[in-house]
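Report on the following structure.
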2 protein chains.
Amino acid sequence: MAKKSRAAPRREESLSRDRIIEASIEILDSSGEDGLTFRALSERLATGPGALYWHIADKSDLLTAACDAVVARAMAAPAVATTTPRETICALALGLFDAIDAHPWVGSALTRASGRLPIVRIIERLGQQVCALGVPRAHQWATVSALLHYIVGVAGQNAANAQVARTQGSDRSEFLDAMATTWSHLDPDDYPFARSVAAQLRAHDDRVDFLAGVDLILRGIGAAHPR
Amino acid sequence: MAKKSRAAPRREESLSRDRIIEASIEILDSSGEDGLTFRALSERLATGPGALYWHIADKSDLLTAACDAVVARAMAAPAVATTTPRETICALALGLFDAIDAHPWVGSALTRASGRLPIVRIIERLGQQVCALGVPRAHQWATVSALLHYIVGVAGQNAANAQVARTQGSDRSEFLDAMATTWSHLDPDDYPFARSVAAQLRAHDDRVDFLAGVDLILRGIGAAHPR
DNA sequence: ACCTGAACACCGTTCAAGT
DNA sequence: ACCTGAACACCGTTCAAGT
């Protein structure tokens, strides 16, 4: 047996906020929101639950920090000077959509992060482009707010869908299929529209619909503030 | 002492799904999401926690049902024949906004109710008006989806704000004030936009901003599908 | 300063037993 | 058929005690 080197640390790396957040993201990605517990997390980090509280305030802090790490990456892509503000907004929105698609738990974390850092990052990037679009100062906040709420709304719905699919053990298409079937059995007098779109539901592409919504808002901005 | 009448029931009314949901709404309104526990609920209904499971599947079922009761009321208002589809959509959106403002927990419940009854109710009412607007069949779903996600997004944010305000014991204006202060202290190079809107944040009216967002989407619909 | 891990005060849910 | 309430398997969080 090899002799222990002097002052060998208990872990390969000592505990730190960043290491905790990194481990949290891994657990969230593999086991979902319900899988992230202080016990599971401390086990993975080879420590006790109490140790985590030295580096993070509470679970909400942990979730927001994990969310922020993902959002920061998605918002880090620099704006290319040769693109229009409109294109940049679409790119930012799509970047967020894809990040949330890859990490569904970010969707629900974002919903609970109002006013916190991850939301401010998004507001800042959107806001700069809304200014560049020529929206007058008095309307800038409401405009950014509309874009933000739409994006966060879709994010939350996607997270919820993923959560349902996870707990039911079914994948997305099975989930959509079951939903479409339920809708097509609704009362024709009370729910004519829901019945009529049930079929489209099976084939639709969330990403395309998401972009269509962003496009609608951008058109609205253009119509409200013609240059 | 009055003689007990024969066959006196243990409770004034026997347990039922509706009574459970009604009591849940009262608890949610007075104590928030965290206040709704099976123990608090069974105590208020003078029964044991296990009894509730005879009438409801689980907590998610309970929350969705409570949410649906509120949404159903907000969506029940009949469309007046003399109004335009546009006005009806605004009225529906405002009705939901006010319902969620009065019952903040509905916001987060809605986010987790994708494809369930409360969401279908909203989709149906919006969908009929979107049809009336003359949106071509192929674009109806994406259009309704944009409106829905925006509304649910705002709802979720409002619920989160109310939740933060509740746990901090502060009211909405204190919360907004603290947020504005934090934002105004952000780094000027990294967050010029967030800093510039921080002041507006203190004075802004959520309801007005919400309507501005609905208006933006409606303008976008008009621009995308001119009649 | 940082970590340990038992203990506390809860949860949602189940289920044998009652009526 | 409907209800009871103890019991189960968890949570997040705290804190005296260690290094």
Side-chain angles (χ1 to χ4, degrees), chain A residues 4-24 27-28 31-67 105 108-109 112 163-164 166-169, chain B residues 4-24 27-28 31-67 105 108-109 112 163-164 166-169:
Chain A
K4 256 206 219 160
S5 65
R6 60 234 142 93
R10 233 158 315 173
R11 280 174 286 272
E12 294 178 21
E13 306 169 56
S14 74
L15 223 49
S16 71
R17 190 167 221 269
D18 281 350
R19 262 181 56 76
I20 293 173
I21 291 165
E22 180 198 329
S24 299
I27 293 178
L28 285 162
S31 317
E33 284 191 72
D34 294 343
L36 181 67
T37 68
F38 280 76
R39 283 167 181 81
L41 185 55
S42 62
E43 193 175 347
R44 174 182 282 246
L45 291 166
T47 180
L52 303 174
Y53 282 86
W54 189 264
H55 302 275
I56 56 157
D58 53 26
K59 189 161 185 182
S60 151
D61 177 35
L62 180 61
L63 227 37
T64 305
C67 171
W105 52 271
S108 37
R112 283 179 249 115
Q163 167 79 1
V164 171
R166 173 187 290 277
T167 55
Q168 288 182 356
Chain B
K4 254 206 219 159
S5 64
R6 60 234 141 91
R10 233 159 313 172
R11 280 175 286 272
E12 294 178 23
E13 306 168 56
S14 74
L15 224 50
S16 72
R17 190 167 221 269
D18 281 350
R19 263 180 56 75
I20 293 173
I21 291 165
E22 180 197 329
S24 299
I27 293 177
L28 286 161
S31 316
E33 285 191 70
D34 294 343
L36 182 68
T37 69
F38 279 77
R39 283 165 180 82
L41 185 56
S42 61
E43 193 175 347
R44 175 181 282 246
L45 291 166
T47 180
L52 303 173
Y53 282 85
W54 189 263
H55 302 275
I56 56 157
D58 52 26
K59 189 160 185 182
S60 151
D61 178 36
L62 179 62
L63 227 37
T64 305
C67 171
W105 51 272
S108 37
R112 282 178 248 114
Q163 167 78 1
V164 172
R166 173 188 290 279
T167 54
Q168 290 181 354

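Lettering follows sequence order; numbering is per chain, from 1. A quick note: this is a predicted structure, and the numbers were derived from the prediction, not measured.
Using a 4.0 Å heavy-atom cutoff across all strands shown, A/Ile56 reaches no nucleic acid atom at all. Across all strands shown, B/Leu36 has heavy atoms under 4.0 Å from sugar-phosphate atoms exclusively, and none from any base.
Distances from the side chain of B/Ser14 to the nucleotides C/dC3, D/dT13, D/dC3 place D/dC3 closest. When distances run from any side-chain atom of A/Thr37 to the nucleotides C/dC11, C/dC3, D/dG12, the shortest one goes to D/dG12. Ranking D/dC3, C/dG12, D/dT13 by closeness to the B/Leu15 side chain, first place goes to D/dC3. The side chain of B/Pro49 approaches D/dG5 more closely than any other nucleotide in the set D/dG5, C/dC8, D/dA7. When distances are taken from the side chain of A/Phe38 to each of D/dC8, D/dT13, D/dC3, the shortest belongs to D/dT13.
If you take NE2 of A/His55 and P of D/dG12, they are 18 Å apart, rounded to a whole angstrom. Remark: P of D/dA6 and OH of B/Tyr53 are 17 Å apart, rounded to the nearest angstrom. Taking atom CZ of B/Arg19 as the reference point, atom P of D/dC3 lies 10 Å away to the nearest angstrom. What separates CZ of B/Arg17 from C1' of D/dA1 is a distance of 17 Å, to the nearest Å. If you take CZ of A/Arg39 and C1' of D/dC10, they are 8 Å apart, rounded to a whole angstrom. We find that CG of B/Leu45 is positioned 10 Å from P of D/dC3, with the value rounded to whole Å. Between A/Asp34 atom CG and D/dC11 atom P there is a gap of 10 Å when expressed in whole angstrom units. Rounding to whole angstrom units, CG of residue B/Asp58 and P of C/dT14 are separated by 8 Å.
The closest side-chain heavy-atom distance from A/Leu62 to A/Leu36 is below 4.5 Å.
Taking a pair to require two hydrogen-bonding distances under 3.5 Å in either a Watson-Crick or a G-U wobble arrangement, C/dA1 pairs with D/dT19. Both distances falling under 3.5 Å, in either a Watson-Crick or a G-U wobble arrangement, place C/dA7 opposite D/dT13.
OP1 or OP2 of C/dC2 has at least one side-chain nitrogen or oxygen of A/Trp54 nearer than 4.0 Å.
Positionally, the nearest nucleotide of DNA chain C for B/Lys59 lies more toward the 5' end than for the other of B/Ala51 and B/Lys59.
Atoms CD1 and CG, on A/Ile21 and A/Leu63 in that order, are 11.0 Å from each other to the nearest 0.5 Å. Remark: A/Arg39 CZ to A/Leu52 CG distance equals 11.0 Å, nearest 0.5 Å. Between atom CG of residue A/Leu45 and atom OG of residue A/Ser16 there is a gap of 9.0 Å, rounded to the nearest 0.5 Å.
Distance alone, capped at 3.5 Å, places no donor-acceptor pair between the A/Ser31 side chain and the A/Leu28 backbone.
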